2 protein chains.
Amino acid sequence: MIGPRPVTIKDVAREAGVSYSTVSRVLNGYPHIHPDKRRRVLEAVDRLGYSVNLQARSLAGGHSQVIGLIVHDLGNPYTAQVVQSIDEALAHAEYELVLHTTHGHHHKEAVYVDILTRGMVDGLMMLIPLGPTPYLQQLHERRFPYVIICDHQQYDDFSPTVSTTSRQGAYDVMRYLIALGHRRIGFITGRPDFISAAERLEAYKAALAAYGLPLDPALIYTGDYQYRAAYTATTALLDLPQPPTAIFAANDLSAFAVYDVARSRGLRVPDDLSVAGFDDVPQSAYMHPALTTVRQPLLAMGEAATRLLMDTIADPNRPAERIVLPTELIIRESCQPPAHSERPFKPSAQPKGE
Amino acid sequence: MIGPRPVTIKDVAREAGVSYSTVSRVLNGYPHIHPDKRRRVLEAVDRLGYSVNLQARSLAGGHSQVIGLIVHDLGNPYTAQVVQSIDEALAHAEYELVLHTTHGHHHKEAVYVDILTRGMVDGLMMLIPLGPTPYLQQLHERRFPYVIICDHQQYDDFSPTVSTTSRQGAYDVMRYLIALGHRRIGFITGRPDFISAAERLEAYKAALAAYGLPLDPALIYTGDYQYRAAYTATTALLDLPQPPTAIFAANDLSAFAVYDVARSRGLRVPDDLSVAGFDDVPQSAYMHPALTTVRQPLLAMGEAATRLLMDTIADPNRPAERIVLPTELIIRESCQPPAHSERPFKPSAQPKGE
DNA sequence: TTGAAAGCGCTAACAT
DNA sequence: ATGTTAGCGCTTTCAA
């Protein structure tokens, strides 16, 4: 890189006729400065078009005003939305965003954490759908500010966390489907190594149990949150001797696959088959029929995570806060009572447990 | 941040029993080093778990191994896809990604460019749908490596650019629709201040002219690449005394709105109304009917941009290369000959011009 | 082939 | 209230 040397703090100092630490003080909002000098510095900054070199500031022990975000996969709408809201919230707080994607390789997480926390960033956000790992423990011991965003509630007991009532959300779907009168409800799971997948499966089982419905293992088919696996799963489910009257897919994308299999077999949704998803990605509302699903408060998650991280940066010793955001059952058009039931099944009493 | 002090190059030097500039040399692949010392250094690095502080390296005149990406809006699938592919390509090249979103505020572009190019990054990528701006000129004069990604072909004449044959893509859609027999084709434009929108509109007009079809201004309705405006536009178009038999929307999201308006009026796509979009975002294939659209080579764009930037970093004085990637007409299910035409209209001769 | 030392631009003591 | 100075961790001369 050739061309005019960037304007440094020293240029400003010379231009304003003050020492360069005074310039630094003005720039960092240090209180006791003669109004005159402050004005002169500000003018010089303006005139010269100076702006701070974040690397240098950070190296010198200041803050970098950069935060690192490590995500698992940028490709799905869920992640993309959360990233966007984090990005927006961070912009308000005048922070830069360094983004790292592990592309699904878990071993890269620790590497990226290491790179980023070596002076590069003031804080770290992790949007990684996995369980506890050693680097979190280290981060915690170093009192390095970080926050975890996950769509379930338990990670470990020392990490600041933003999560959602996703288990409850899955339960809500099931309760809704059961109340509609469905007794054979198929379930397409998420990627089994994700905690979120296990949680939703548990909720599926819990709801069945709570309403005294039998658990038929044949109705549970393992997916991976992707279209293709869900397509296969749906085919298998509908080929069952006693096929389900409703299918609950562990995420919206999987639900879209259910739509397509149904359509290819001349089955109408919801008349012949009810379908519910999870996430409420933007296109779910545009589908036909519009998908009944569980909304994850994606925007709120990003905002909460940002606030939590800012608080932690301000005081790295504060106890780990955990924010749990509510999911919401979004009832649209893809579910109705099963074709052959005379009328919706009304749970007469309280479910057992819950 | 408290806790164990990060391992520095000096620690490694002490551990290996060499001077710390030797460590630096080993780490940077400097050739003339005694194999023994090299081994000892490497072992010490391993034992201590050392990794370089990118800030310091960058400040000291090395490279930061970080590249900056400025995008206009992370929220749309188009951007998200390109960002993902850039991210992936960059990871292969062992670069970090600093992401900046202007959230549509053009005045922020220059600010971000300034921040990022002050030592923070080795190169810059811009995914911003606008025309020439002064900061590009400056970047060019400084020989600061950057590349522009836009979906049209002309930006300025000195910027390395990755673009697509998007004008041709729009023309292809029109030719296809015309060949199908449509004579009244509605057009929902993109956001007027985007060059891409103007280009697609031009292509629309050019195709009409080339095939000797009249240009009815009533058939052109201004949108903004968003669902809502396209919904309004479609309503207006279908309310015309002589409504179009086909609607070409300047992006897929707008085409989805056309679907919905059609559906709400009991019009079947494509039987009663043909619909074409632009972009080929992932969900377009899942819609029913599957959307005929123009595929932008989003992944290839990210890869090409990365390669171009790497080349420019390697030699900042190389002449600006422009890579133009082909779009592709993806014919799916949403278009067919107009209901009342006896048979598809076949352009008998070459169109005039093209 | 290697070590010593001078900065990169900045912040934060330490002076005054 | 302000100037002086010592680093932050590293790369890169410059010597040897």
Side-chain angles (χ1 to χ4, degrees), chain A residues 1 4-42 44-45 48-66 114-122, chain B residues 1-2 4-41 44-45 48-66 114-122:
Chain A
M1 178 183 128
R5 185 178 54 78
V7 179
T8 75
I9 201 172
K10 290 185 184 170
D11 300 318
V12 176
R14 197 178 316 113
E15 177 84 8
V18 299
S19 80
Y20 81 135
S21 44
T22 299
V23 177
S24 174
R25 290 196 185 95
V26 171
L27 263 25
N28 289 289
Y30 186 82
H32 310 296
I33 291 183
H34 193 91
D36 243 40
K37 295 210 170 181
R38 152 169 272 117
R39 190 182 41 70
R40 268 156 59 204
V41 167
L42 260 19
V45 163
L48 266 34
Y50 166 85
S51 71
V52 69
N53 178 324
L54 292 176
Q55 313 257 29
R57 166 184 284 174
S58 165
L59 193 57
H63 43 187
S64 65
Q65 290 296 115
V66 176
D114 184 61
I115 292 176
L116 290 174
T117 58
R118 298 184 153 275
M120 170 144 271
V121 302
D122 293 345
Chain B
M1 181 182 124
I2 316 168
R5 183 180 55 78
V7 179
T8 76
I9 202 173
K10 291 184 183 170
D11 300 317
V12 176
R14 197 177 316 113
E15 177 85 6
V18 300
S19 80
Y20 78 82
S21 39
T22 299
V23 177
S24 174
R25 290 196 185 96
V26 171
L27 262 26
N28 289 289
Y30 185 81
H32 310 296
I33 291 184
H34 193 90
D36 243 41
K37 294 208 171 182
R38 154 169 273 116
R39 189 182 41 70
R40 268 156 57 205
V41 168
V45 163
L48 265 35
Y50 166 84
S51 73
V52 69
N53 178 324
L54 292 175
Q55 313 258 29
R57 165 183 284 175
S58 166
L59 192 57
H63 43 189
S64 66
Q65 290 295 113
V66 177
D114 185 62
I115 291 176
L116 291 174
T117 59
R118 301 187 150 271
M120 170 145 271
V121 302
D122 294 344

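Throughout, a chain's letter reflects where its sequence line sits, starting with A, and its residues are numbered from 1. Only a predicted model underlies this, so the values are computations on that prediction, with no experimental measurement involved.
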Heavy atoms, side chains only, cut-off 4.5 Å: are A:Ile33 and A:Val26 in contact? yes
Under 4.0 Å from OP1 or OP2 of D:dG9: is there any side-chain N or O of B:Arg57 that close? no
Min side-chain heavy-atom separation B:Gln65-B:Val52 under 4.5 Å: no
To the nearest Å, how far apart are B:Leu59 CG and D:dG7 C1'? 12 Å
Determine whether a donor-acceptor pair (one donor, one acceptor, N or O, separation below 3.5 Å) exists between the side chain of B:Ser21 and the base of C:dA4. yes
Pick the closest DNA chain C nucleotide for B:Pro31 and for A:Ala56 by heavy atoms, then say which residue is nearer the 5' end. B:Pro31
Terminal helix-axis angle for the helix from C:dT1-D:dA16 to C:dT16-D:dA1, with five pairs defining each axis and rounding to 10 degrees: 40°
As a quick check of understanding, evaluate side-chain contact (heavy atoms from CB on, under 4.5 Å) for B:Val12 and B:Glu15, giving each step before the final call. CA-CA 5 Å; B:Val12 176; B:Glu15 177 85 6; 5.6 Å; no
Using whole Å, report how far CD1 of B:Ile115 lies from P of C:dC10. 13 Å
Report the distance from atom CG of A:Asn53 to atom P of D:dC8, rounded to the nearest whole Å. 18 Å
Run B:Val41 and B:Arg25 through side-chain contact (heavy atoms from CB on, under 4.5 Å) and show every step you take. CA-CA 10 Å; B:Val41 168; B:Arg25 290 196 185 96; over 6 Å; no
Let's see if you get this right: which residues in residues 11-20 of chain A place a heavy atom under 4.0 Å from DNA chain C? A:Tyr20
Distance check needed: D:dC10 P versus B:Gln65 CD, whole Å only. 15 Å
Grab the CD1-P distance between A:Ile33 and C:dA12 for me, whole Å please. 13 Å
Considering only heavy atoms and no angle criterion, is a donor-acceptor pair shorter than 3.5 Å present between the side chain of A:Thr22 and the base of D:dT2? no
A:Tyr50 vs C:dC10: side-chain N/O to OP1/OP2 distance below 4.0 Å: yes
Considering all heavy atoms, the nearest A:Ala44-A:Ala16 contact: CB-CB, 3.9 Å
Which residue, B:His63 or A:His34, contacts DNA chain D at a nucleotide closer to its 5' end, judged by nearest heavy atom? A:His34
Tell me: CD1 of A:Ile9 to P of C:dA12, nearest whole Å? 11 Å
By the 4.0 Å heavy-atom rule, please label B:Thr8 as base, sugar-phosphate, or nothing. sugar-phosphate
Where do B:Ser58 and B:Ser64 come nearest, in terms of heavy atoms and distance? CB-CB, 3.7 Å
Which of B:Leu116, B:Asp114, B:Ile115 passes side-chain contact (heavy atoms from CB on, under 4.5 Å) with B:Arg118? It is B:Asp114
Taking every heavy atom of A:Tyr30 against every heavy atom of A:Arg38, the minimum-distance pair comes out as O-NH2, 3.5 Å
In whole angstrom, what separates A:Gln55's CD from C:dC10's P? 11 Å
5' precedence on DNA chain C between B:Arg118 and B:His32 (nearest-nucleotide basis): B:His32
Taken to the nearest 0.5 Å, the spacing of B:Arg40 CZ from B:Thr22 OG1 works out to 9.5 Å
Can you confirm whether A:Tyr50 sits close enough to A:Val23 that some side-chain heavy atom of one is under 4.5 Å from a side-chain heavy atom of the other? no
Value in whole Å for how far the P atom of C:dG3 lies from NZ of B:Lys10: 15 Å
Over all strands shown, is A:Arg25 touching base, sugar-phosphate only, or nothing at heavy-atom distances under 4.0 angstrom? base
